[in-house]
Amino acid sequence: MIQNERHAPEALPQHPDVTEAIDRERRLHDPSVRLSGPLAEALFDPDFIEVGVSGRRWTHAEMVAALPTLHGGAENSTPITAEHFEGTVLAPGIVHLTYETRIEDRQARRSSIWRRDAAGEFRLYYHQATPVPDGTPRP
């Protein structure tokens, strides 16, 4: 039976699927992955959709192509700081993550859905980023 408990890595033991999804999400912030089409491609579901912090809707092909040019896409670009990961197993093979990022002086709250493919690998199915206005307290 899958329990829909929220898991904060700092506080509770995590479901192994949540741990795996967090690890994969963090890989997407790694410049070596962002610069490598094959490494990035392996993390995205073929049906991937993103609603970015700007409100733009990204498809799978658009994101894989743009990833090297976005923040964190090169060794000398602004790094992505990600923290406060929480995860919930929604159903077998489906994990919902939330976390926060900071890129330079911009903060965003993020939500991702990871699902297992036929080969048993988690792939990013959906991602959304919402900007956090300056001075907004963390709940």
Using modelled atom types only, decide if a donor and an acceptor are shared between the side chain of Ser36 and the backbone of Val33 within a distance under 3.5 Å. no
So, Ser54 side chain and Arg56 main chain: donor-acceptor pair closer than 3.5 Å or not?
yes
Nearest-0.5 Å distance, [atom1] of residue [X] to [atom2] of residue [Y]:
X: Glu86; Y: His96; atom1: CD; atom2: NE2; answer: 10.0 Å
X: Thr130; Y: Glu100; atom1: OG1; atom2: CD; answer: 11.0 Å
X: Arg27; Y: Ile22; atom1: CZ; atom2: CD1; answer: 12.5 Å

For Arg115, the side chain to side chain donor-acceptor pair (under 3.5 Å) test, sequence neighbours excluded, returns Asp45, Asp47
Sorted by chain and number, sequence neighbours left out, side chain to side chain donor-acceptor pair (under 3.5 Å) with Arg106 holds for His71
- Hey, mind stepping through Arg34 and Ile80 against side chain to side chain contact (heavy atoms under 4.5 Å, CB included) and telling me if it holds? CA-CA 12 Å; Arg34 295 172 84 81; Ile80 300 168; 3.8 Å; yes
Is it the case that the side chains of Ser112 and His127 hold a donor-acceptor pair, with the cut-off being a distance below 3.5 Å and no angle test? yes
Working for salt bridge (charged side-chain N to carboxylate O under 4.0 Å, His left out), residues Glu121 and Arg24
CA-CA 10 Å; Glu121 297 293 324; Arg24 288 178 161 272; 2.4 Å; yes
Report task. Applying side chain to side chain contact (heavy atoms under 4.5 Å, CB included), run through Trp58 and Leu67 and close with a yes or a no. Result -> CA-CA 11 Å; Trp58 297 80; Leu67 205 55; over 6 Å; no
With sequence neighbours left out, the residues meeting ring-ring contact (aromatic ring centres under 6.0 Å, His included) with Tyr99 are His29, Phe85
Worksheet item: Any side-chain heavy atom of Ile94 sitting closer than 4.5 Å to one from Ile113?
Response: yes
- request: Check whether any side-chain heavy atom of Glu41 sits under 4.5 Å from a side-chain heavy atom of His60, and report yes or no.
  value: yes
- Query: Going hydrophobic residue to hydrophobic residue with side-chain gaps under 4.5 angstrom, can you get from Leu39 over to Leu124?
  - Reply: yes
**Item:** Single-linkage hydrophobic cluster, 4.5 Å side-chain cutoff, Val53 and Leu70 together
**Value:** no
Could I get the full list of side chain to side chain contact (heavy atoms under 4.5 Å, CB included) partners for [X], not counting sequence neighbours?
X: Thr19; answer: Gln14, Asp23
X: Ile49; answer: Arg57, Tyr126
X: Arg116; answer: Asp17, Glu20, Phe122

**Q.** Trace of the side chain to side chain contact (heavy atoms under 4.5 Å, CB included) decision for Leu97 with Trp114
**A.** CA-CA 8 Å; Leu97 296 180; Trp114 289 81; 3.7 Å; yes
